[in-house]
Amino acid sequence: MIEIRRFVCNMLQENTYVVSDDTHEAVVIDCGALYDEERQAIVNYIDSQQLKPVHLLCTHGHFDHNFGNDTIWHTYGLKPEVAAADEKLMDLKTQVEQMIGTGYQNDVPPIGRLLTTDDIISFGTHRLTILPTPGHTPGSVSFYCREEGIVFTGDTLFRLSIGRTDFPGGSWTQMTDSLKLLATLPGETKVYCGHGEPTTIGEERQYNPYVSNR
């Protein structure tokens, strides 16, 4: 059985997830922890539950989903794993300066692995497959665990909404294709979004205007 702990982080209320099973191995997905108390809360949870993080996963390269990567790198020795198409976005210093006009003082870890859709992410007795879901960024991906019926969609699919496509590298055409792909998952699949509350594929097919008419 999987345990999922959500931490709401930084000024954009981004969702960071620590996902573990009964082996105590864990993955950290989208570590957006910016402030010291957010970083410490994640470390405290991991340590108090005696978890062993084995992957630091990135659904995409935007800064609000990656502020805390240095904490996971320094504390647990994990480097971020991201799709190749978002490799350049992982230069947080440049991205933050360009997008919000201020400097970024924290360390930026080197990339540990460039993910492809052929990769399987293993932790404990569980596996995550990588679904290509570009549109918000060129390299946006979703992490899907079929056996548990859960998917982490980053900023592709939100509850009753979707991610923006007007940032550099965004594509409405790609977003449309990504939503079609996600809509093929079983209706009971629980969706853990990059911002906001969880939902299900079935709810989004029924009520989300961007998904239901695709």
So His136 and His65, ring pair (Phe, Tyr, Trp, His ring centres under 6.0 Å) or not? Walk me through it.
CA-CA 13 Å; His136 181 64; His65 291 254; 7.5 Å; no
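- Closest of all the heavy-atom pairs between Pro80 and Pro110 is CD-O, 3.3 Å.
- When every heavy atom of Cys9 is checked against every heavy atom of Ile42, the shortest pair comes out as SG-CD1, 4.4 Å.
- At least one side-chain heavy atom of Leu182 sits less than 4.5 Å from a side-chain heavy atom of Thr156.
- With contacts defined as side-chain heavy-atom distances shorter than 4.5 Å, the pair Leu179/Thr176 does not qualify.
- Side-chain atoms of Asn15 do not come within 3.5 Å of backbone N or O of Phe7 as any donor-acceptor pair.
- Both Ile162 and Val191 sit in one connected hydrophobic cluster of ILVMFWY residues. Membership requires side-chain heavy atoms under 4.5 Å apart, directly or through other members.
- Taking 4.5 Å as the limit, every side-chain heavy atom of Lys190 sits out of range of all side-chain heavy atoms of Ile4.
- The 12-atom threshold is not exceeded at CD of Gln50, counting heavy atoms of other residues, nucleotides or ligands nearer than 6.0 Å.
- Interatomic distance, His62 NE2 to Asn66 CG, rounded to the nearest 0.5 Å: 10.0 Å.
- Under the 4.5 Å side-chain heavy-atom criterion for Ile, Leu, Val, Met, Phe, Trp and Tyr, Ile150 and Val141 are members of the same hydrophobic cluster.
- By the 6.0 Å contact criterion, CZ on Arg113 is enclosed, its count of non-hydrogen atoms from other residues, nucleotides or ligands being greater than 12.
- No donor-acceptor pair under 3.5 Å is formed between the side chain of Asp64 and the backbone N or O of Asn10.
- At a threshold of 4.5 Å between side-chain heavy atoms, the hydrophobic network of Ile, Leu, Val, Met, Phe, Trp and Tyr places Leu89 and Leu114 in two separate groups.
- Here the SG atom belonging to Cys193 is positioned 11.5 Å from the CG atom belonging to Asp30, to the nearest 0.5 angstrom.
- Side chain of His195 to main chain of Gln13: a donor-acceptor pair is present (N/O by atom type, distance under 3.5 Å, no hydrogens or angles).
- At least one side-chain heavy atom of Thr59 sits less than 4.5 Å from a side-chain heavy atom of Phe143.
- Between Met90 and Cys58 the shortest heavy-atom distance is CE-SG, 3.8 Å.
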Take Arg6 and Val8, measure what side chain to side chain contact (heavy atoms under 4.5 Å, CB included) needs, and give me the verdict at the end.
CA-CA 7 Å; Arg6 177 175 66 138; Val8 180; 4.2 Å; yes
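- Taking 4.5 Å as the limit, some side-chain heavy atom of Leu157 sits within range of a side-chain heavy atom of Glu204.
- Not a single donor-acceptor pair under 3.5 Å links the side chain of Thr75 to the backbone N or O of Ile72.
- When only modelled atom types and interatomic distance are considered, Thr199 and Glu197 share no side-chain donor-acceptor pair under 3.5 Å.
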Let's go through Tyr76 and Asp47 carefully: what are the C-alpha distance in whole Å and the side-chain angles of both, what is the deciding distance for side-chain hydrogen bond (donor to acceptor under 3.5 Å, both in side chains) to 0.1 Å, and is it a yes or a no?
CA-CA 11 Å; Tyr76 305 106; Asp47 292 351; 2.9 Å; yes
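- Residues Val19 and Phe152 meet the side-chain proximity criterion, which asks for heavy atoms closer than 4.5 Å.
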Would you check, one step at a time, whether the test side chain to side chain contact (heavy atoms under 4.5 Å, CB included) holds for Val28 with Leu78?
CA-CA 10 Å; Val28 180; Leu78 298 178; 5.7 Å; no
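- Checked against side chain to side chain contact (heavy atoms under 4.5 Å, CB included), Ala26 has the following partners two or more places apart in sequence or in another chain: Val18, Ser20, Leu51.
- Hydrophobic clustering, with ILVMFWY side chains joined whenever heavy atoms are under 4.5 angstrom apart, groups Tyr45 together with Val43.
- In this structure, the side chain of Asn208 engages the main chain of Ser161 through a donor-acceptor pair within 3.5 Å.
- Between Gln206 atom CD and Thr200 atom OG1 the span is 9.0 Å, to the nearest 0.5 Å.
- Within the 4.5 Å cutoff, no side-chain heavy atoms of Val151 are placed close to those of Cys145.
- With hydrogens and angles ignored, the 3.5 Å screen pairs a side-chain donor or acceptor of Arg39 with a backbone N or O of Leu34.
- The structure places OH of Tyr17 at 13.0 Å from SG of Cys31, a figure rounded to the nearest 0.5 Å.
- Of the possible polar contacts, none joining the Thr137 side chain to the His60 backbone as a donor-acceptor pair under 3.5 Å is found.
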Working note: Glu81 + His55, criterion side-chain hydrogen bond (donor to acceptor under 3.5 Å, both in side chains); need CA distance, chi angles, decisive distance, verdict.
CA-CA 8 Å; Glu81 302 174 35; His55 293 283; 2.8 Å; yes
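- Taking CG of Leu115 as the reference point, atom CD1 of Ile120 lies at 11.0 Å (rounded to 0.5 Å).
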Would you please test Asp155 and Arg164 for salt bridge (charged side-chain N to carboxylate O under 4.0 Å, His left out) and show each step?
CA-CA 8 Å; Asp155 285 1; Arg164 293 173 59 172; over 6 Å; no
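- Tracing side-chain contacts under 4.5 Å through hydrophobic residues (I, L, V, M, F, W, Y), one reaches Met175 starting from Leu181; they form part of the same cluster.
- Residues Asp86 and Pro138 have side chains in contact (heavy-atom distance under 4.5 Å, counting atoms from C-beta outward).
- Rounding to the nearest 0.5 Å places CZ of Phe158 at 11.5 Å from OH of Tyr210.
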Can I get a per-line list of side-chain donor-acceptor pairs under 3.5 Å for residues 123-134, giving both atom names and the distance, sequence neighbours left out?
| from | atom 1 | to | atom 2 | distance (Å) |
| --- | --- | --- | --- | --- |
| Thr125 | OG1 | Asp21 | OD2 | 3.3 |
| His126 | ND1 | Asp21 | OD2 | 2.8 |
| His126 | NE2 | Glu148 | OE2 | 2.8 |
| Arg127 | NE | Ser122 | OG | 3.3 |
| Thr129 | OG1 | Tyr144 | O | 3.2 |
| Thr133 | OG1 | Ser142 | N | 3.3 |
| Thr133 | OG1 | Ser142 | OG | 3.1 |

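- A donor-acceptor pair under 3.5 Å is formed between the side chain of Ser178 and the backbone N or O of Gln174.
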